[in-house]
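Everything on this sheet refers to the single structure shown next.
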Amino acid sequence: MSQSVQNVLTARARLGECPVWDSDRQQLFWVDIYNHRVHHFEPATGQDRYFDTGDVVSAIALAGNDRLLVALRDRLAFLSTPTGEITTLYQIEFPHPDTRFNDGKCDSQGRFWIGSVSEAPGQAALYRYDPDGSLHVMETGLTISNGLGWSPDQSTFYLTDSAQHQIYAYDFEAETGTITNRRILVDLGNETVEPDGLAIDCQGNLWSALWDGWCIACFSPAGQEILRVKMPVQRPTCLAFGGSHLSDLYITSASVGLSQKEIQQGLYAGDLFCLSTNFSGMPTQQFLGFSRIQ
């Protein structure tokens with residue numbers, strides 16, 4: 001595998017996150033959380049445009065033609081890509097005022113799984129938003145609910161709690177959308193890095209962006225580290241497989257919270273990167289809900 005990471009977009013995002021590959025259009029959507037932007041990147045031309053959401057936007061999912069499901073600070077909404085119009089679907093009242101939505105992703109049944117992040121330890125949670133418009137609490141006691149995904153055979157669900165430096169594995173029942181039997185799969189507690197966003201390849205390997213680690217890491221389905229790939233930025237945040245063969249790994253990054261000295265050491269903080277791999281990712285799952293106002 002070529003382990004040369006390419007800088008494909010000078011974005012200077014404050015907190016780039018949640019890259020989502022659209023195979024039909026061969027394009028990438030991603031967000032800049034604190035600049036309230038949903039970006040739309042075309043690798044073939046290098047062009048990038050963005051929608052201003054007017055609010056913190058932490059995660060997105062494809063939701064049919066010309067539409068995205070977006071997670072804003074405390075609500076889920078549809079974003080029309082032709083017009084930029086935002087239609088609220090679900091408003092949530094978090095138990096703590098410093099809590100907001102964080103990373104999210106759709107499962108094979110078209111349900112949107114979305115976590116939260118809280119300034120108060122243990123106050124974050126994981127939710128499942130179903131196509132019928134109902135929201136279900138799936139896990140509690142988290143601090144930074146982050147990178148999530150599923151094994152290729154849909155038997156295992158993965159969830160990252162960045163503040164705990166751990167990636168958990170659960171037994172997953174695809175038909176009912178239930179998770180049970182939580183165990184620690186990856187424990188980075190002996191390092192200063194925090195596992196952030198997550199991507200799963202067709203072999204079941206877990207690719208994790210290591211916040212403050214200047215790298216991304218790949219772990220086997222058993223949780224054993226396979227490799228680390230150096231990044232030109234201190235804070236890679238999230239990753240997604242894309243490209244015509246789903247073998248290009250797109251990686252977002254952040255500049256937020258860095259000192260002037262740290263920014264000088266990592267001049268490309270907040271940019272978008274791509275790594276050509278010998279691995280292949282799984283197709284992006286879409287949200288299968290309808291436009292229902294709640």
Side-chain angles (χ1 to χ4, degrees), residues 17-18 58-59 61 71 94-96 99-109 111-129 135-213 215-228 236-240 281-282 285:
E17 279 281 5
C18 200
S58 64
F94 288 119
H96 193 276
T99 302
R100 64 164 174 82
F101 276 130
N102 200 38
D103 199 14
K105 195 171 292 181
C106 285
D107 67 17
S108 61
Q109 306 297 308
R111 298 169 294 226
F112 187 58
W113 294 67
I114 177 74
S116 61
V117 56
S118 178
E119 294 292 329
Q123 291 299 308
L126 174 72
Y127 304 87
R128 193 191 75 214
Y129 182 59
L135 188 73
H136 307 269
V137 179
M138 304 304 295
E139 183 66 288
T140 58
L142 305 170
T143 299
I144 303 177
S145 178
N146 225 325
L148 46 82
W150 292 263
S151 61
D153 66 1
Q154 299 295 296
S155 67
T156 307
F157 170 72
Y158 303 106
L159 174 67
T160 304
D161 191 334
S162 298
Q164 298 301 316
H165 303 260
Q166 293 173 338
I167 301 175
Y168 303 125
Y170 298 77
D171 295 337
F172 179 68
E173 215 295 310
E175 186 175 343
T176 59
T178 55
I179 54 175
T180 54
N181 186 29
R182 184 175 98 175
R183 61 266 188 199
I184 298 171
L185 184 74
V186 176
D187 189 345
L188 298 174
N190 62 345
E191 300 187 48
T192 57
V193 304
E194 294 185 6
D196 198 331
L198 190 70
I200 313 293
D201 65 33
C202 285
Q203 297 178 33
N205 300 312
L206 292 78
W207 296 76
S208 177
L210 300 188
W211 176 274
D212 279 342
C215 67
I216 60 173
C218 178
F219 302 92
S220 75
Q224 297 171 327
E225 186 169 318
I226 297 173
L227 59 85
R228 292 197 183 191
T237 54
C238 198
L239 3 72
M282 294 185 291
Q285 302 294 334

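As a basis for the values below, the full set of heavy atoms in this structure was taken, side chains included, without hydrogen atoms, waters or symmetry mates.
Contact between Gly115 and Ser145 at its shortest, heavy atoms only, is CA-OG, 3.3 Å. Looking at every heavy atom in both residues, Gly177 comes nearest to Phe172 through CA-CE1, 4.0 Å. For the residue pair Ser162 and Pro195, the shortest heavy atom distance occurs at OG-O, 2.6 Å. Here the shortest heavy-atom pairing between Ile226 and Asn205 reads CD1-OD1, 3.4 Å. Closest non-hydrogen pair, Cys202 versus Gly281, comes out as SG-O, 3.2 Å. Between Asp107 and Gln285, the shortest heavy-atom distance links the atoms O-CB, 3.4 Å.
In this structure the side chain of Leu142 reaches within 4.5 angstrom of the side chain of Leu159, judged on heavy atoms. By the 4.5 Å heavy-atom criterion applied to side chains, Leu185 and Thr156 are not counted as neighbours.
Identified under the salt bridge (Lys or Arg N to Asp or Glu O under 4.0 Å) test for residues 142-171, with sequence neighbours left out: Asp171-Arg183. Applying the side-chain hydrogen bond (donor to acceptor under 3.5 Å, both in side chains) rule to pairs touching residues 188-199 yields Asn146-Asp196, Glu191-Arg228, sequence neighbours excluded.
The backbone N or O of Ala125 lies less than 3.5 Å from a partner atom in the side chain of Ser116, making a donor-acceptor pair. A distance-only check finds no donor-acceptor pair linking the side chain of His165 to the backbone of Asp187 [under 3.5 Å].
Residues meeting the side-chain hydrogen bond (donor to acceptor under 3.5 Å, both in side chains) test with Gln154, sequence neighbours left out: Ser108. Here Thr178 pairs with Thr176 under the side-chain hydrogen bond (donor to acceptor under 3.5 Å, both in side chains) rule; sequence neighbours left out. For Arg100, the salt bridge (Lys or Arg N to Asp or Glu O under 4.0 Å) criterion is met by no residue, not counting sequence neighbours. Residues satisfying the side-chain hydrogen bond (donor to acceptor under 3.5 Å, both in side chains) criterion with Thr237, sequence neighbours excluded, are Thr252. Scored by the ring pair (Phe, Tyr, Trp, His ring centres under 6.0 Å) test, Tyr168 finds no partners at all (sequence neighbours excluded). Judged as a ring pair (Phe, Tyr, Trp, His ring centres under 6.0 Å), and not counting sequence neighbours, Phe112 has no contacts. Residues forming a side-chain contact (heavy atoms from CB on, under 4.5 Å) with Pro152 (at least two apart in sequence, or on another chain): Ile200, Met282. Looking at residues two or more places apart in sequence or on another chain, you find a side-chain hydrogen bond (donor to acceptor under 3.5 Å, both in side chains) between Ser118 and Thr99. Among residues two or more places apart in sequence or in another chain, the salt bridge (Lys or Arg N to Asp or Glu O under 4.0 Å) test is passed with Asp201 by none.
Separation of atoms OH (Tyr158) and CD1 (Ile167) is listed at 10.0 Å; rounding is to 0.5 Å. In this structure, the separation between OG1 on Thr160 and CG on Leu148 is 7.5 Å, given to the nearest 0.5 Å. Separation of atoms OH (Tyr170) and OG (Ser151) is listed at 14.5 Å; rounding is to 0.5 Å. Taken from CG in Leu126 to CZ in Phe157, the straight-line distance is 5.0 Å, to the nearest 0.5 Å.
Applying the side-chain contact (heavy atoms from CB on, under 4.5 Å) test between Trp113 and each of Lys105, Met138, Glu139, His136 identifies Met138 as the sole match. Shown are Leu239, Asn102, Asp103; of these, the side-chain contact (heavy atoms from CB on, under 4.5 Å) with Cys18 is made only by Asp103.
Under the 30°/60° scheme for interplanar angles, the aromatic rings of Phe101 and Tyr127 are found to stand perpendicular.
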Quick one, Ser208 with Val186, criterion side chain to side chain contact (heavy atoms under 4.5 Å, CB included). Give me CA distance, side-chain angles, the key distance, then yes/no.
CA-CA 10 Å; Ser208 177; Val186 176; over 6 Å; no

